[in-house]
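Report on the following structure.
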Amino acid sequence: MSDRSRNIAVIVVMAAMAAVLVLLVATAPSETDRVQAIGERIKCPVCQGESIANSPSSMARDMMSLVSEKVSEGASDTEIVDELLASYSGAVLLDPPASGATLALWLAPVAALVIGAAVILWWRRHPPESAEDETSQPDPRNRRLVPLLVLGVSLAVIVVVAGFSLQDRSGAASGVADLTGQDLEDVSNETMEAVIAANADHPQVDGMRLALAERYYDIGDYSAAFPHYLAVAESANATGTQAVTALVRLGWMAWDGNAEAATAIELFDQALAIDPSSSTALYLKGQVLWCGESEVDAAVDLFQEVLADARLTPEAKTRVEDDLAAARDGEPCP
């Protein structure tokens, strides 16, 4: 092959690589497109075969909000998908990760490197005829080809960097949901259940468990609240306040739900071992002693101890005073 043909071949390869680079940059998706594309790849955990992008459920909307937030922060598609799958139990990919535009982004840099390496290797194995004559002087055209080869390698590297920057944008991501600083009032029960299930061993999940259990407790759904209170009570990461709250709730549910006075008193005692000044634990233990064990004197003593707590609200103080008077007068518990 003549030197002219070699030069033309190298220039064509360089032009092809440049075109690939321009194509990669020109076709970079917008933030809105990325959010929609990612959402269409994730199956809604509470729907029948729908993606979170097409589901009207509150959990899907929460998940899409997370996707939008992470895209704005600069996280890559892979990081966002990994966080969704880790944070939401039941969320799965609806298609393979490497497909469509994602596959092109991964293959283009590799192809560019292969082409560049092939050109250099081919050139080394097929030197110009002038190089075969050891007595001849170096052909100046060879020297002119060196910059072209350097340019080729440089373009290949640029394509690689561009491809990876499009696929792996900078941005911090975590393997678990960020459980700190959230306004749980705006989070649905379904979402909280999914986050808890996916992060059962996370050191900060107890706060979310307790918040969810309190929701169930407030509407009288003891069966839903029970496992969350129990998990907090048994957690090595729970704070003293969290453990006391969980134990007190478990004790009252044991009495109010199943009339298990002995179990309730045992749970109240466990809470008081952590915080002897817990007015709630003292008062409810007094209630169970009075109503379930007919130990009126013990109940009276506990009610009096509760009334000594200066932190009582006026409403709570009035209620305890009424119970104390009724117990002293031998009246049945309410």
Side-chain angles (χ1 to χ4, degrees), residues 189 192-193 196-197 200-334:
N189 289 1
M192 290 172 71
E193 288 280 13
I196 291 168
D201 298 326
H202 195 286
Q204 294 174 316
V205 79
D206 292 318
M208 183 172 284
R209 277 193 183 278
L210 201 57
L212 181 57
E214 292 285 82
R215 290 186 182 182
Y216 292 137
Y217 181 87
D218 288 341
I219 62 174
D221 190 351
Y222 289 172
S223 61
F226 177 82
H228 294 297
Y229 282 133
L230 183 62
V232 173
E234 295 178 344
S235 173
N237 298 314
T239 65
T241 300
Q242 290 173 337
V244 168
T245 299
L247 288 166
V248 168
R249 296 301 198 203
L250 287 169
W252 185 250
M253 289 191 301
W255 165 248
D256 188 48
N258 299 315
E260 297 177 2
T263 300
I265 291 171
E266 179 181 353
L267 290 165
F268 293 142
D269 286 340
Q270 291 179 27
L272 291 168
I274 299 172
D275 180 11
S277 66
S278 172
S279 295
T280 304
L282 290 168
Y283 173 71
L284 293 180
K285 181 180 178 181
Q287 284 276 334
V288 175
L289 287 172
W290 179 22
C291 302
E293 300 292 319
S294 299
E295 297 183 17
V296 179
D297 293 339
V300 167
D301 291 340
L302 289 174
F303 292 155
Q304 289 177 327
E305 187 174 350
V306 172
L307 287 173
D309 189 348
R311 298 170 297 177
L312 285 182
T313 64
E315 295 80 5
K317 185 176 182 180
T318 298
R319 180 174 180 179
V320 177
E321 288 174 340
D322 291 342
D323 286 343
L324 174 60
R328 280 175 171 171
D329 293 342
E331 297 179 10
C333 69

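Note that the structure is predicted; figures quoted are calculated from it, not measured. Numbers here simply count residues along the sequence, with the first being 1.
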(message) Working to the nearest 0.5 angstrom, can you tell me the gap between Thr245 OG1 and Tyr229 OH?
(response) 8.0 Å

(request) Could you tell me which non-hydrogen atom of Ala298 sits nearest to which non-hydrogen atom of Leu289, and how far apart they are? (result) CB-CD1, 3.9 Å

(request) Output the distance between atom OG1 (Thr241) and atom CG (Leu210), rounded to the nearest 0.5 Å. (result) 10.0 Å

(message) With salt bridge (Lys or Arg N to Asp or Glu O under 4.0 Å) as the rule and sequence neighbours excluded, what pairs involving residues 312-326 come up?
(response) none

(request) Quick one: list whatever passes side chain to side chain contact (heavy atoms under 4.5 Å, CB included) with Ala238, sequence neighbours left out. (result) Asp206, Val232, Ser235, Gln242

(message) For the CG atom of Leu282 and the CG atom of Leu307, what is their distance to the nearest 0.5 Å?
(response) 11.0 Å

(request) Locate the shortest heavy-atom distance separating Trp290 from Ala326; write the atom from each residue and the value. (result) CH2-CB, 3.8 Å

(message) Rounded to the nearest 0.5 Å, what separates atom CD1 in Ile265 from atom CD in Glu293?
(response) 4.5 Å

(message) Going by the rule side chain to side chain contact (heavy atoms under 4.5 Å, CB included), which residues pair with Ala233 if we only count those two or more places apart in sequence or in a different chain?
(response) Ala246, Leu247, Leu250

(request) Output all residues satisfying side chain to side chain donor-acceptor pair (under 3.5 Å) with Ser279, sequence neighbours left out; order by chain, then residue number. (result) Asp309

(request) Could you note down all residue pairs passing ring pair (Phe, Tyr, Trp, His ring centres under 6.0 Å) where residues 261-288 supplies at least one of them, sequence neighbours left out? (result) Tyr283-Phe303

(message) Show every salt bridge (Lys or Arg N to Asp or Glu O under 4.0 Å) that has at least one partner inside residues 228-254, sequence neighbours left out.
(response) Glu214-Arg249

(message) Testing the basics here: between Ala271 and Val244, what is the closest heavy-atom pair and its distance to 0.1 Å?
(response) O-CG2, 3.7 Å

(request) If a pair satisfies salt bridge (Lys or Arg N to Asp or Glu O under 4.0 Å) and one of its residues is in residues 259-279, list it, with sequence neighbours excluded. (result) Asp269-Lys285

(request) Quick one: which residue pairs count as a salt bridge (Lys or Arg N to Asp or Glu O under 4.0 Å) with a foot in residues 235-246, not counting sequence neighbours? (result) none

(message) If you count heavy atoms of other groups shown closer than 6.0 angstrom to CG of Asp297, is the number above 12?
(response) no

(request) Identify the heavy atoms of Ala264 and Gly251 that sit nearest to each other, and give their distance. (result) CB-O, 3.1 Å

(request) Taking side chain to side chain donor-acceptor pair (under 3.5 Å) as the test, write out the residues that go with Asp221, two or more places apart. (result) Ser223

(request) Report yes if the side chains of Met208 and His202 come closer than 4.5 Å at any heavy-atom pair, otherwise no. (result) no

(request) Can you sort out the partners of Asp301 under side chain to side chain contact (heavy atoms under 4.5 Å, CB included), two or more places apart, ordered by chain and number? (result) Gln304

(message) Taking disulfide (SG to SG under 2.5 Å) as the cut-off, I'd like each qualifying pair that reaches into residues 227-326, sequence neighbours left out, listed once.
(response) Cys291-Cys333

(request) State, to 0.1 Å, how close His228 and Ala213 come at their nearest heavy-atom pair, and which atoms those are. (result) CB-CB, 3.7 Å

(message) Can you list everything that forms a side chain to side chain contact (heavy atoms under 4.5 Å, CB included) with Tyr222? Sequence neighbours excluded, please.
(response) Tyr217, Trp252, Met253, Asp256

